[in-house]
Amino acid sequence: EERRNAAVVQALKHGHIESAQRLLEDMVRSGYAPSRFVTSQAMAFLGRLKKADEVEALFQLLLRQGCPIDTVIHNCVVAAYGEAGNFAAMEAAVERMRAMQCPPDVVTSNTLIRKYLLGGRVEQALGILRVMRRDGSAPNARSYNTVLGMLCEAGQLDAAHDLMQEMREEGCTPTNVSYNIIIKGYAKARQLEDMDKCFQGMVDAGFKPDNITFGQCMSAHRDACALEKVEEYFNLMAQHGCAPDAMTLSILASTYGKLARLDKQQELHDELDSRGYRYD
RNA sequence: CGUCCUGGUU
């Protein structure tokens, strides 16, 4: 049984989803109960490929064979239907959780918010958040972050700012990611002064900017051809104890490329090559 | 140890 679980994990690791799926099915049919961790991971992979029917088939197989089914597995089914844009089935999967004495949790709600937004069903997404806020089933930072992202994407930066304030008032502390989302919004709207202020606010509030924070700020300034600002952010990384990762370096490289500093760009490309990273 | 949020190229 251990070996079979390990084989599934290996298959997933190498991106061989179908063979992972076969291995799992064989395992269940021959009377073994695959680990919930492995099962949900496989379901999550299939879900991202929009293979909701396959996820459902796997779910039914577990059910028939009396394998244990937990909230995470249910959540994977919900996500798979949502990813495939099958909202009726997604909602039915949530109902099934209740019927099976496995109540939906905050991750379930966050999944619904996300999938509704991806499907352009903004009102339904906001409705989920509204219900969470009202009935005390505390939304967490990810619930808010998902909606913040949508507001920023739509250029509603003031609304995003207000929502971040509301989350604080409701006792839900914003995270690094909340700030990264707002920064991305200002970058997209080309409001670079506001973006810089948001970065400063993040630091002042005691949050630690990461490679995503710096990368977003740097690429925004690169697009504005502000090389000094890009370098300024890059140099700030050390002060914040943040070691640049390959993606951050490639943003810096593309900045030098854009401004025809080919010597500097080549230096970075060599560094990236030595890390086996693909740039372009 | 698994499911929900944010970055370069497209």
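Letters go in sequence order (proteins before strands), and every chain restarts at 1. No hydrogens, no waters, no symmetry mates; every other heavy atom, side chains included, goes into these values.
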**Student:** Which distance, rounded to the nearest 0.5 Å, do you find between the OG1 of T248(A) and the CZ of F214(A)?
**Tutor:**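 It comes to 9.0 Å.
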**Student:** For side chain to side chain contact (heavy atoms under 4.5 Å, CB included), just list the numbers for T108(A) and H74(A), CA-CA rounded to whole Å, side-chain angles, deciding distance to a tenth of an Å, and then say yes or no.
**Tutor:** CA-CA 9 Å; T108(A) 317; H74(A) 278 285; over 6 Å; no
**Student:** Expressed in angstrom and rounded to an integer, what is the separation of I183(A) atom CD1 from U6(B) atom P?
**Tutor:**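 Between P of U6(B) and CD1 of I183(A): 15 Å.
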**Student:** Of the candidate nucleotides G2(B), U3(B), C5(B), which contains the atom at the shortest distance from the side chain of Q41(A)?
**Tutor:**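 So the side chain of Q41(A) is nearest to G2(B).
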**Student:** Measuring from the side chain of I212(A) (C-beta onward, heavy atoms only), which nucleotide among G2(B), C4(B), G7(B) has the closest atom?
**Tutor:**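 Output: G7(B).
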**Student:** With a 4.0 Å cutoff (strictly under), does any side-chain N or O of R222(A) reach OP1 or OP2 of G7(B)?
**Tutor:**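 Result: no.
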**Student:** Nearest to the side chain of R48(A) - U3(B), C5(B), U6(B)?
**Tutor:**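 Per side-chain heavy atoms of R48(A), the pick is U3(B).
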**Student:** Answer with base, sugar-phosphate or nothing: what part of the nucleic acid does T248(A) contact at a heavy-atom distance below 4.0 Å?
**Tutor:**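 The answer is base, as T248(A) lies within the cut-off (heavy atoms under 4.0 Å) of a base atom.
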**Student:** Go through the N and O atoms of the side chain of S35(A) and the base of G2(B), and report whether any donor-acceptor pair is under 3.5 Å.
**Tutor:**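 Under the 3.5 Å cut-off, the side chain and the base do not form any donor-acceptor pair.
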**Student:** Quickly work out the I182(A) CD1 to C5(B) C1' distance and round it to whole Å.
**Tutor:**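 The distance from CD1 of I182(A) to C1' of C5(B) comes to 12 Å, rounded to the nearest Å.
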**Student:** Below 3.5 Å, does any donor atom in the side chain of N75(A) face an acceptor in the base of G2(B), or the other way round?
**Tutor:**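 Such a pair does not exist between side chain and base.
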**Student:** To the nearest Å, how far apart are N140(A) CG and U3(B) P?
**Tutor:**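 That distance rounds to 15 Å.
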**Student:** Minimum heavy-atom separation for A141(A) to C172(A), with atom names?
**Tutor:**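 Nearest pair, atom of A141(A) first, then C172(A): N-SG, 3.4 Å.
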**Student:** Heavy atoms under 4.0 Å, any strand shown: does D210(A) hit a base, just sugar-phosphate, or nothing?
**Tutor:**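 Touches nothing.
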**Student:** Would you say the side chain of D70(A) and the base of G2(B) hold a donor-acceptor pair, judged only by whether the two atoms sit under 3.5 Å apart?
**Tutor:**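 Present.
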**Student:** Check the angle between the aromatic planes of H240(A) and F199(A) and answer parallel, tilted or perpendicular using the 30° and 60° thresholds.
**Tutor:**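 Rings of H240(A) and F199(A): perpendicular, over 60°.
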**Student:** Looking at R275(A), I'd like to know if its CZ atom is crowded, meaning that more than 12 non-hydrogen atoms belonging to other residues, nucleotides or ligands lie closer than 6.0 Å.
**Tutor:**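 More than 12 within 6.0 Å, yes.
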**Student:** Tell me which nucleotide among U3(B), G8(B), C4(B) gets nearest to the side chain of T111(A).
**Tutor:**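 Closest nucleotide to the T111(A) side chain: C4(B).
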**Student:** Scan Y277(A) against the nucleic acid and name what it touches under 4.0 Å (heavy atoms): base, sugar-phosphate only, or nothing.
**Tutor:**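 Counting heavy atoms under 4.0 Å across all strands, the contact made by Y277(A) includes a base.
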**Student:** Atom NE2 of H269(A) and atom P of U9(B): how far apart are they, to the nearest Å?
**Tutor:**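 It works out to 13 Å between those atoms.
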**Student:** With sequence neighbours excluded, tell me which residues meet salt bridge (charged side-chain N to carboxylate O under 4.0 Å, His left out) with R96(A).
**Tutor:**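 Salt bridge (charged side-chain N to carboxylate O under 4.0 Å, His left out) list for R96(A), sorted by chain: E56(A).
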**Student:** Rounded to whole angstroms, how far apart are NZ on K258(A) and C1' on G8(B)?
**Tutor:**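 Distance check: K258(A) NZ to G8(B) C1' gives 13 Å.
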**Student:** Classify the nucleic acid contact of R278(A) as base, sugar-phosphate or nothing, counting any heavy atom under 4.0 Å across all strands shown.
**Tutor:**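 R278(A): base contact, heavy atoms under 4.0 Å.
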**Student:** At 4.0 Å (heavy atoms only), tell me whether T146(A) reaches a base, stays on the sugar-phosphate, or touches nothing.
**Tutor:**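 Here T146(A) touches the backbone only, sparing every base.
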**Student:** Nearest of U3(B), C5(B), C1(B) to any side-chain atom of F37(A)?
**Tutor:**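 That would be C1(B).
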**Student:** Starting at CG of N5(A) and ending at P of G2(B), how long is that distance when rounded to a whole Å?
**Tutor:**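 One finds 15 Å between P of G2(B) and CG of N5(A), rounded.
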**Student:** Does the plane of the ring in Y279(A) sit parallel, tilted or perpendicular to the ring in H269(A)? Use 30° and 60° as the thresholds.
**Tutor:**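 The arrangement is parallel - the two ring planes meet at less than 30°.
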**Student:** Whole angstrom is fine here: how far is it from CE in M247(A) over to C1' in U9(B)?
**Tutor:**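 That distance rounds to 9 Å.
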**Student:** Could you work out which one of U9(B), C5(B), G2(B) sits closest to the side chain of V177(A)?
**Tutor:**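 Out of U9(B), C5(B), G2(B), the nucleotide with an atom closest to V177(A)'s side chain is C5(B).
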**Student:** Can you tell me which nucleotide in C5(B), U3(B), G8(B) comes closest to the side chain of I181(A)?
**Tutor:**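 For the I181(A) side chain, the nearest candidate turns out to be C5(B).
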**Student:** Roughly, in whole Å, what's the span from CD in E271(A) to P in G8(B)?
**Tutor:**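 Rounded to the whole Å, the gap is 21 Å.
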**Student:** Establish, with yes or no, whether the OP1 or OP2 oxygen of G7(B) is under 4.0 angstrom from a side-chain nitrogen or oxygen of K184(A).
**Tutor:**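 Result: yes.
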**Student:** Looking at every strand, decide which applies to D245(A) at a 4.0 Å heavy-atom threshold: base, sugar-phosphate, or nothing.
**Tutor:**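 Base contact.
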**Student:** Just to be sure I understand the rule, does R114(A) reach a base, reach only the sugar-phosphate, or reach nothing, if contact means heavy atoms closer than 4.0 Å?
**Tutor:**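 Sugar-phosphate contact only.
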**Student:** For Y279(A), which contact category applies under a 4.0 Å heavy-atom criterion: base, sugar-phosphate, or nothing?
**Tutor:**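 Base: the residue Y279(A), judged by heavy atoms under 4.0 Å, touches a nucleobase.
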